[in-house]
Amino acid sequence: MPETTEIIRISDPAAEASEIERAGQILREGGLVAFPTETVYGLGGNALLPESSRRIYAAKGRPSDNPLIVHIAETEELFSLAAEVPQLALTLAGAFWPGPMTLILKKSRAVPGQTTGGLDTVAVRLPSHPVARALIKAAGVPIAAPSANSSGRPSPTTAEHVVEDLFGKIDMIIDGGESDIGLESTIIDLTGEKPELLRPGFISEQAVTEVIGSVEKDPSILAVPAEGTAPRAPGMKYRHYAPAADMYLVSGEKEKVREKIRLLVSEAGSRGEKPAVICASQDEGCFEGAAVFSVGSAEDEREIAHRLFSVLRETDKAGVDIIFAEMLGGEQLDLAIKNRMLKAAGYKVIEV
Ligand code: AMP
Ligand code: MG
């Protein structure tokens, strides 16, 4: 474990080339560097070194059967990481890279099993964030990078979130400001007969089908996996994105949702518990007796996606006992927002 964690601020990678070089060297030589991406902050290590992946799992407290996404700086790198690159992969890469899209392919022998959680497939993404791309280029190797949070906690969208979870456990944190999107990448598995959406993200199912036709959808995206089955993205089976307090989603017609939450808040109060409410900004004034956290306007799905994880962390800091959240959504991002809220609440939904 490193003695301490160095924190550096980089907004323009070109202006700070020597710092990027230094961070790249730490990665190449097996160290761990957290860095900004357009989705959330990533915890990077050299994807080709089993020891780096082992260190990533240790720092996050992540189960080692949960594979890591490998980040690259140029599409060509796919050919050394994947045993075969189907045309569909190149089509999706052409449409969505650089950007928040992860592709699952059969892995080549260059990728150690430690990086892929023992699977014979590999997840690959080419991020668009300029700091991330410059860092991967400087490292000169593909970078395995899961979200830079402690396992189970909400994904980090600022360098401060990374400091909260990983300070003292990794070599360096690059602060590049707030993540633009705030939700993790869309994951598409291309190793089966048909392409399958394993995790919804900023790139919507509709955007994907416009490019490659229909995709299958892992049923665990919106429902508790059936007994005896596991989600296809191993990471989706773990309790995830969860705040410290127990969280319940309330879903249904707007006015009924507000009424139900008011009732739940007052019941919690009479049990002597400290309740919190997560809601759209339009409803901020509706819940007396609770700590109220707005995730943004109900009309602005990008803002909701951008703020959700951050708000979950704020509820932790406020030390509340129980959280009631309006089930939020949107259009393009509906599946991604609902999936993250369901997982944060452990799929506990009160329908009204
Ligand atoms: P994170 O990087 O923290 O956003 O988590 C990575 C996600 O990608 C987890 O849900 C993993 O289970 C999933 N993933 C990574 N590699 C694979 C793979 N080879 N097959 C299926 N899912 C994967
Ligand atoms: Mg994660």
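Both counts, for ligands and for their atoms, begin at 1 and track the order of listing. We count residues from 1, following the sequence as given.
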Point to revise | Test: Arg313 and Glu160 ion pair at under 4.0 Å | key: no
Revision key, fill the gap. Ligand 1 to Pro67, heavy atom cutoff 4.0 Å, flagged ligand atoms 11 (C), 12 (O), 14 (N), 15 (C), 16 (N), 17 (C), 18 (C), 23 (C)
Point to revise | Derivation and outcome, salt bridge (Lys or Arg N to Asp or Glu O under 4.0 Å), residues Glu74 and Lys137 | key: CA-CA 9 Å; Glu74 301 295 339; Lys137 272 201 187 125; 3.4 Å; yes
Exercise for review: Could you tell me whether Asp246 and Lys348 make a salt bridge, using a distance below 4.0 angstrom between a side-chain N and a carboxylate O?
Suggested key: yes
Practice item. Measure from atom 20 (N) of ligand 1 to every heavy atom in Thr115, Val111, Ile56, Ile104 and give the option owning the shortest one. Key: Ile104
Study note, to complete from the structure: Candidates Ile187, Thr121, Val70; heavy atom nearest atom 13 (C) of ligand 1 found on Ile187
Check your understanding: Distance below 2.8 Å from the Mg ion (ligand 2): how many protein N/O/S atoms qualify?
Key -> 1
Check your understanding: Taking NZ, NE, NH1 and NH2 as the nitrogens, is one of them in Glu38 or Arg125 under 4.0 Å from a carboxylate oxygen of the other?
Key -> yes
**Study point:** Worked verdict on Leu183 versus Phe202 for side chain to side chain contact (heavy atoms under 4.5 Å, CB included)
**Key:** CA-CA 7 Å; Leu183 293 181; Phe202 187 75; 5.8 Å; no
Point to revise | Any donor-acceptor N or O pair under 3.5 Å, side chains Ser155, Arg340 | key: no
**Study point:** Pair Arg262 + Glu259, salt bridge at N-O below 4.0 Å
**Key:** no
Review point. By number and element, which atoms of ligand 1 are closer than 4.0 Å to a non-hydrogen atom of Ala123?
Key: 15 (C), 16 (N), 17 (C)
**Study point:** Flag if over 12 foreign heavy atoms under 6.0 Å of CD, Glu331
**Key:** no
**Study point:** Side chain, backbone, both or neither: Asn66 near ligand 1, heavy atoms under 4.0 Å
**Key:** side chain
Practice item. Could you tell me whether Glu314 and Lys317 make a salt bridge, using a distance below 4.0 angstrom between a side-chain N and a carboxylate O? Key: no
Exercise for review: Provide the number and element of each atom of ligand 1 under 4.0 Å from a heavy atom of Ile69.
Suggested key: 2 (O), 6 (C), 8 (O)
Practice item. Go through ligand 1 atom by atom and flag the ones less than 4.0 Å from a non-hydrogen atom of Leu119. Key: 18 (C), 19 (N), 20 (N)
Exercise for review: Measure from atom 6 (C) of ligand 1 to every heavy atom in Lys107, Arg125, Arg62 and give the option owning the shortest one.
Suggested key: Arg62
**Study point:** Any donor-acceptor N/O pair, Arg307 side chain to Ser294 backbone, under 3.5 Å
**Key:** yes
